[in-house]
Amino acid sequence: MIFTYNNIVKKKNHIEFGVKSIDVELKKRYEALPNIVATAKKYMESEAELFANIARLRAGYVETGPSKLELEKEISATLKSISITLENYPDLKAIDAIVILQRSINEFAEQISAAQRNYNASVLSYNNAISVFPGNLVAKLFSFKREEFMQLIAENEKKNIDVSALL
Amino acid sequence: MDKHSAVIEEFSKKFQLENARYKAPKLVLPMGCMAILLVLLVPSALVFLVIGIFFPPAWLFLLGCMAAIGFIVLLIQSYRSSLVAYQKIDILKQEFKSSVLPLICKSVYSDVTYSPREKVAEKYLTESALFSAKFFESTEEIAGEDFFQGTHEGVKFEFSEITHYVEGLTIKTGVLLSLVAAVSIWLGIDFMQIFKRSDFFLVKNNFRGFFLYADFNKAFSGEVVIESKENTIIDRLFQKNNLDSIMVENEKINALYSIKCSNPQLGYYVMSPQLINAIDNITTLIGSAMRVRIKNGSLYMIAPLERNFFESQAMINGEITPNSLETIHKELMLIRDVLDSLNLNNRIWTKQ
């Protein structure tokens with residue numbers, strides 16, 4: 001029983017560690033937002049609405065709370081929009097700053113995705129541990145609850161984005 | 001591909017001849033029978049001719065003439081056959097690799113060089129850390145051939161076949177070696193010079209496969225190792241490690257491989273869904289599980305091959321069969337397919 005309890009606690013700690021890792025990556029992206037906007041604005045003056053949206057998201061940023069997840073999803077979707085919109089400016093592809101910008105947006109997405117997958121793997125491992133015997137008995141005794149998987153990438157990002165709607 | 005067909009066709013003919021030579025020992029019995037017939041044919045032709053001339057009937061003379069003509073035809077045919085200069089298989093192999101394969105290679109890869117006798121740089125084999133220290137105990141036991149080096153779709157790579165082999169004496173060759181050595185010492189004459197090393201030491205292949213080094217185009221510090229879960233004899237050749245294990249979102253990959261990494265987040269960063277799919281595709285393509293190490297922005301891959309690739313011929317049911325252009329082309333495409341599956345040249349991901 002002690003072994004099972006310790007095993008569950010370790011897995012729960014892994015989840016907390018996973019959450020912190022995601023926070024670190026999100027924080028990095030948040031801090032880079034002004035630079036991303038400044039670079040993109042210089043070359044994409046006609047995308048005022050897009051930049052206004054980013055400014056709104058940044059102003060409404062909260063460190064914690066339930067709205068944080070929604071906000072992060074929206075930031076992910078907006079950054080993805082910048083990346084897609086850039087594809088419609090073939091002349092910009094030769095500019096180093098734009099290449100670096102695209103690379104940065106992609107890199108942030110990759111790092112956040114990795115942190116999120118790591119978190120979800122920890123949740124899966126923990127949920128399995130408290131669902132199977134004898135872990136389920138220990139979980140009931142010590143009130144270990146199932147954890148939810150995280151979905152930071154918004155559903156609309158998975159669909160084919162209508163590029164014309166972004167222009 | 002058409003322009004190479006003629007070259008391959010010519011090679012096929014040479015190999016058909018070589019095949020005939022290879023099968024020659026099996027023809028000894030019918031050839032012997034024919035020789036006896038020939039020996040009987042000559043005297044009987046002479047006898048029938050003499051009898052036919054001096055002691056008619058005429059049919060006996062005609063029979064003698066026919067026997068003589070038959071003999072002359074056989075003689076001419078034998079002479080013509082002896083003019084065919086059979087080339088040894090090894091010479092044909094070299095000719096194929098030095099003149100034909102580079103030609104086909106150029107048609108598939110514009111920016112790749114091919115060296116038949118070289119292998120992937122030893123520093124990549126060492127850096128890959130895929131092999132155990134035992135593997136490197138003697139570098140003489142690692143052989144390589146069919147080395148391709150260059151850039152494909154912006155990805156720098158090196159690829160070659162490698163084999164790990166051991167040499168050993170059997171009881172028979174051990175006794176023979178002892179005898180030759182003893183006689184050489186006794187008589188003071190070096191009889192060992194008459195023999196080749198391969199006369200005594202037999203070579204046994206432990207592993208045959210390909211090794212790929214490619215630029216991963218992603219900068220990170222740490223490593224991710226994808227190891228086959230299959231327990232085979234060659235496992236002794238591969239290095240063990242104490243890294244963290246992760247599970248990915250593909251049950252087939254989880255069943256076939258154990259994925260280990262310096263830290264789980266790095267593991268998920270490197271093992272992107274695209275790379276997981278690529279590993280799945282390559283496993284299907286080569287028909288066996290492989291070992292991959294992705295470390296400090298480089299990818300090292302080793303996978304077993306069921307046969308010797310990039311050869312001019314194959315031994316099928318004891319018969320030398322020339323490989324078709326399609327077969328060679330397909331084998332060459334393996335490198336391209338592996339690199340394309342990995343899709344390492346993502347213009348967004350770069351190490352710059």
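Order of the sequence lines fixes the chain letters, A, B, ..., with proteins taken first and strands second; residue numbering starts at 1 for each chain.
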Nearest-0.5 Å distance, [atom1] of residue [X] to [atom2] of residue [Y]:
X	Y	atom1	atom2	value
A:S122	B:I246	OG	CD1	11.0 Å
B:N263	A:N118	CG	CG	8.0 Å
A:Q111	B:Y268	CD	OH	15.0 Å

- Query: Applying ring pair (Phe, Tyr, Trp, His ring centres under 6.0 Å), which residue pairs with at least one partner in residues 101-120 of chain A are found, sequence neighbours left out?
  - Reply: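 Residue pairs passing ring pair (Phe, Tyr, Trp, His ring centres under 6.0 Å), neighbours aside: none found.
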Heavy atoms of other groups near [X] [atom1], more than 12 under 6.0 Å:
X	atom1	result
A:K20	NZ	no
A:L141	CG	yes
A:F17	CZ	no

- Quick one: do the A:E107 and B:Y269 side chains pair a donor with an acceptor below 3.5 Å?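 Judged by distance alone, the side chains do pair up.
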- Any residue meeting side chain to side chain contact (heavy atoms under 4.5 Å, CB included) with B:T283, in chain and number order, not counting sequence neighbours: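 Only B:L256, B:Y257, B:I279, B:M290 meet the side chain to side chain contact (heavy atoms under 4.5 Å, CB included) criterion with B:T283.
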- Query: Can you name the nearest heavy-atom pair linking B:M271 to A:R117, along with the distance?
  - Reply: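 Reported closest heavy-atom pair: O-NH2, 2.7 Å.
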